[in-house]
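Structure first, commentary second.
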Amino acid sequence: MTQIEIEEVNSCESLPLLSLNHVSLLCRSVWDSMRFYEEVLGFVLIKRPSSFNFNGAWLYNYGIGIHLIESPATEDFELRPINPKDNHISFQCTDVGLVKRKLQEMGMRYVTAVVEDDGIKVDQVFFHDPDGYMIELCNCENIPIIPVSSCAFKPRGSNFSKAPTSCGFMETLMMESLSLDMMNFSF
């Protein structure tokens, strides 16, 4: 049996990344932030290395860690407006309506938005954690992830004026793999 080795030659080789590991956040009170991420978002407190000489906490769920670092000098965000265009962490959820009802029950302020592309809609809910970091919960899985380089369309707008319109070997392989993964999810 012949083994084929495929090597992609790139003039700009990317770093050997696997996935997002954690997001680290400064907070005024580790206790308040820890309660928020546990009670509101369902994260679980995990063991933190004992060599740290500052107050903090590590939480984990959904394949990602949240590392809290206590910094009492962290600026008070004073209930600024919730702005979906601000920096934020986004999580997919199964039921946006349930999210809104639970946030209302907890007395939390939030704003909603809808993103639409080719008749596909994504519902978004934005709110702040105790330190003013923006959180988004959405049904983002509704929009398929398609690399721009694999799209057989003429890009709209000036932002994509230099976007490639033909597929290379790796893009085709990536799209085939994604398609197979999506078929496995639907059965």
Report task. Would you please test Ile46 and Leu59 for side-chain contact (heavy atoms from CB on, under 4.5 Å) and show each step? Result -> CA-CA 5 Å; Ile46 61 170; Leu59 298 111; 5.9 Å; no

Report task. Given side-chain contact (heavy atoms from CB on, under 4.5 Å), test His88 with Tyr133 step by step and report yes or no. Result -> CA-CA 7 Å; His88 61 274; Tyr133 294 110; over 6 Å; no

Query raised in the report: Going through the checks in order, is the side-chain contact (heavy atoms from CB on, under 4.5 Å) test met by Ile82 and His128?
Result: CA-CA 7 Å; Ile82 299 170; His128 288 136; 3.7 Å; yes

Report task. Would you please test Ile69 and Ser24 for side-chain contact (heavy atoms from CB on, under 4.5 Å) and show each step? Result -> CA-CA 7 Å; Ile69 300 169; Ser24 187; 3.3 Å; yes

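In this structure, Arg48 forms a cation-pi arrangement with Phe54, its terminal cationic atom sitting closer than 6.0 Å to the ring centre and no more than 45° off the ring axis.
Under the rule for a salt bridge (Lys or Arg N to Asp or Glu O under 4.0 Å), the partners of Asp86 that lie at least two apart in sequence or sit in another chain are Arg80. Listed by chain and number, the residues in a side-chain hydrogen bond (donor to acceptor under 3.5 Å, both in side chains) with Gln92 amount to none (sequence neighbours excluded).
Both Phe36 and Val23 are members of a single hydrophobic cluster when ILVMFWY side chains are connected at heavy-atom separations under 4.5 Å. In the hydrophobic clustering of ILVMFWY residues, with side-chain heavy atoms under 4.5 Å counting as a link, Leu41 and Leu20 come out together. Using a 4.5 Å cut-off between side-chain heavy atoms of Ile, Leu, Val, Met, Phe, Trp and Tyr, with links allowed through other members, Phe91 and Ile143 fall into different hydrophobic clusters. Taking hydrophobic clusters as Ile, Leu, Val, Met, Phe, Trp and Tyr residues chained together by side-chain heavy-atom distances below 4.5 Å, Met134 does not share a cluster with Leu137.
Side chain of Asn55 to main chain of Glu70: no donor-acceptor pair is present (N/O by atom type, distance under 3.5 Å, no hydrogens or angles). In this structure, the side chain of Tyr37 does not engage the main chain of Leu68 through any donor-acceptor pair within 3.5 Å. In this structure a side-chain-to-backbone donor-acceptor pair under 3.5 Å is present from Asp131 to Arg28. Looking at Asp95, its side chain does come within 3.5 Å of a backbone N or O of Leu98 through a donor-acceptor pair. A side-chain donor-acceptor contact under 3.5 Å links Asn142 to the backbone of Lys121.
Leu45 is listed as a side-chain neighbour of Glu38, based on a closest heavy-atom distance under 4.5 Å. At a threshold of 4.5 Å between non-hydrogen side-chain atoms, the residues Tyr110 and Val125 count as touching. By the 4.5 Å heavy-atom criterion applied to side chains, Thr94 and Asn139 are not counted as neighbours. Using a 4.5 Å heavy-atom cutoff, the side chains of Asn83 and Phe126 are not in contact.
A distance of 7.0 Å separates CD in Gln124 from OG in Ser90, rounded to the nearest 0.5 Å.
Aromatic ring orientation, Trp58 versus His67: parallel (interplanar angle below 30°, classes split at 30° and 60°).
Residues Val99 and Cys93 come closest through the heavy atom pair CG2-SG, 3.9 Å.
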